[in-house]
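Single-structure report; data block below.
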Amino acid sequence: MRNILSLEGRIALITGAGQGVGRQTALHFAANGCATLLINDFHAARAGLVAEEVQALGARAIVVASDITDYQNLSTRLIGAVAEAGGLHILVNNAGNAGPTSEIGELPPFWETEPAEWNRWLATNLYGVMNASRIAVPLIIKTGAGGSIVNVISDAGRVGEANLVVYSAAKAGAAGFSRALAKGVAAHGIRVNSVSLASINTPGLQNMLSDEALVKRMLKQYIVRRIGEPTDAANMILFLASEAASWISGQTYPVNGGYSTSQ
């Protein structure tokens, strides 16, 4: 039978692919026939290690070391990488959290913060998505075969998190951006969807997940009583990037273990 999740011949860019969900998505794509993967990360060495893993699976890998919040630098590096790859079909806007620093740490209440502190959340989780999309969309259109954009958001953006107010706002903004962009690029055969995640076992959450008592309390909020794994997220991202989801656009899919069930 034909593999409907196959990405054979496709060229994909994944932001924040040096670890966690981004890394696993790159491996999923490579294992499902993706021809070339553009591995973006703020840390070039980290991206390089993932590129080696991708190549071991038989796909070509090109490292795009750039901060997604730096539009000019990202544009220069990405345009060059796409030229080297021979086009672009898929964009996964995965980079998030607090930017290059994985650890979130203890945060004060929103009303004790200042506007200058908000930018690290807005820059990575909203502006970074917009930057990469602004650069990638014309490149996908130029390739001429349609494509897919998958934006990784968070349940914080769907239902709100009291301790992550600005992050919640940024992720909600990215979700709204996804829906609007889906309408704007439809005529070019490009689909845009979002994947909304709850807690995933990634480096940014290692300190929190090492606290057994805290994890036990967290799991009471999950219908599926476990913390998510990068594979859980990558499975949905692969589906939305593939032709299996060819009639799906402008949607948000929670991958959250039942943490929230609201729409």
Under-4.0 Å salt bridge between Arg77 and Asp70: no
Tyr167 side chain near Ser154 side chain, heavy-atom distance below 4.5 Å: yes
Single-linkage hydrophobic cluster, 4.5 Å side-chain cutoff, Ile14 and Leu49 together: no
Close side-chain approach of Asn93 to Val152, heavy-atom, < 4.5 Å: no
From OG1 (Thr15) to CD1 (Ile68), nearest 0.5 Å: 5.0 Å
Salt bridge (Lys or Arg N to Asp or Glu O under 4.0 Å) pairs, two or more places apart, involving residues 83-92: Arg60-Glu84
Validation row: Thr252, Ile153 side chains within 4.5 angstrom (heavy atoms): yes
ILVMFWY network linking Phe29 to Val63, side-chain heavy atoms under 4.5 angstrom: no
Interatomic distance, Asn97 atom CG to Arg120 atom CZ [nearest 0.5 angstrom]: 9.5 Å
Considering all heavy atoms, the nearest Ile62-Ala81 contact: CD1-O, 3.9 Å
With sequence neighbours excluded, residues passing side-chain contact (heavy atoms from CB on, under 4.5 Å) with Glu161: Ala156, Leu164, Ser168, Tyr259
Evaluation steps, side chain to side chain contact (heavy atoms under 4.5 Å, CB included), between Asp67 and Asn73: CA-CA 8 Å; Asp67 181 350; Asn73 182 266; 5.9 Å; no
Crowding at CD, Glu8 (>12 non-hydrogen neighbours, <6.0 Å): no
4.5 Å side-chain heavy-atom contact, Leu197 and Val21: yes
Side-chain (Asn94) to main-chain (Gly16) donor-acceptor, under 3.5 angstrom: yes
Within 6.0 angstrom of Asn163 CG, more than 12 heavy atoms from elsewhere: no
Approximate separation, where rounding is to 0.5 Å, of Trp118 CH2 and Thr113 OG1: 5.5 Å
pair Leu38-Leu78: side-chain heavy atoms closer than 4.5 Å: yes
Just distance, no hydrogens or angles: give the donor-acceptor pairs under 3.5 Å from side chains in residues 135-142, sequence neighbours left out.
none

Side chain to side chain contact (heavy atoms under 4.5 Å, CB included) evaluation trace for Gln19 with His43: CA-CA 10 Å; Gln19 62 181 9; His43 303 283; over 6 Å; no
Steps toward side chain to side chain contact (heavy atoms under 4.5 Å, CB included) verdict (Glu243, Ile4): CA-CA 6 Å; Glu243 287 304 304; Ile4 62 173; over 6 Å; no
Check: Ala47 main-chain N/O paired with Asp41 side-chain donor or acceptor under 3.5 Å: no
Qualifying side-chain hydrogen bond (donor to acceptor under 3.5 Å, both in side chains) pairs with a residue from residues 29-40, counting only residues at least two apart or across chains: Asn3-Asn32
For Leu37 against Ala59, the heavy-atom pair lying closest together: CD1-CB, 4.3 Å
Common cluster, Ile11/Ile79, ILVMFWY with side-chain heavy-atom separation under 4.5 Å: yes
Ser75 (side chain) donor-acceptor with Gln72 (main chain) under 3.5 angstrom: no
Heavy-atom check, side chain of Val150 versus side chain of Leu91, under 4.5 Å: no
Partner residues of Gln55 under the side-chain contact (heavy atoms from CB on, under 4.5 Å) criterion, sequence neighbours left out: Ala61
Atom OH of Tyr127: over 12 foreign heavy atoms under 6.0 Å: no
Minimum heavy-atom distance Asn193-Gln251, with the two atoms named: OD1-N, 3.0 Å
Would you be so kind as to tabulate the donor-acceptor pairs closer than 3.5 Å made by side chains of residues 178-191, with sequence neighbours excluded?
unit_1	atom_1	unit_2	atom_2	d
Ser178	OG	Asn151	ND2	2.6
Ser178	OG	Ala174	O	2.9
Ser178	OG	Ser194	OG	2.9
Arg191	NE	Ala245	O	3.4
Arg191	NH1	Leu240	O	3.0
Arg191	NH1	Ala245	O	2.9
Arg191	NH1	Ile248	O	3.4
Arg191	NH2	Leu240	O	3.1
Arg191	NH2	Ser242	O	3.1

Criterion side chain to side chain contact (heavy atoms under 4.5 Å, CB included) on Thr69 and Thr124, from CA distance to verdict: CA-CA 6 Å; Thr69 69; Thr124 302; 3.9 Å; yes
For the student: nearest non-hydrogen atoms of Asn256 and Pro254, plus distance: ND2-CB, 3.6 Å
Smallest separation among heavy atoms of Gly9 and His89, with atom names: O-CE1, 3.7 Å
Flag side-chain contact, heavy atom, 4.5 Å: Arg226 against Val224: yes
Expected output: side-chain Ser196 to main-chain Asp155 donor-acceptor under 3.5 Å: yes
Backbone N/O of Trp121 and side chain of Asn125: donor-acceptor pair under 3.5 Å: yes
Considering all heavy atoms, the nearest Val50-Gly18 contact: CG2-O, 3.6 Å
Donor-acceptor pair, side chain of Ser249 and main chain of Val192, under 3.5 angstrom: yes
Rounded distance [0.5 Å steps], CD in Gln24 versus CD in Glu229: 9.5 Å
Any Leu7 side-chain heavy atom under 4.5 Å of Ile90 side chain: yes
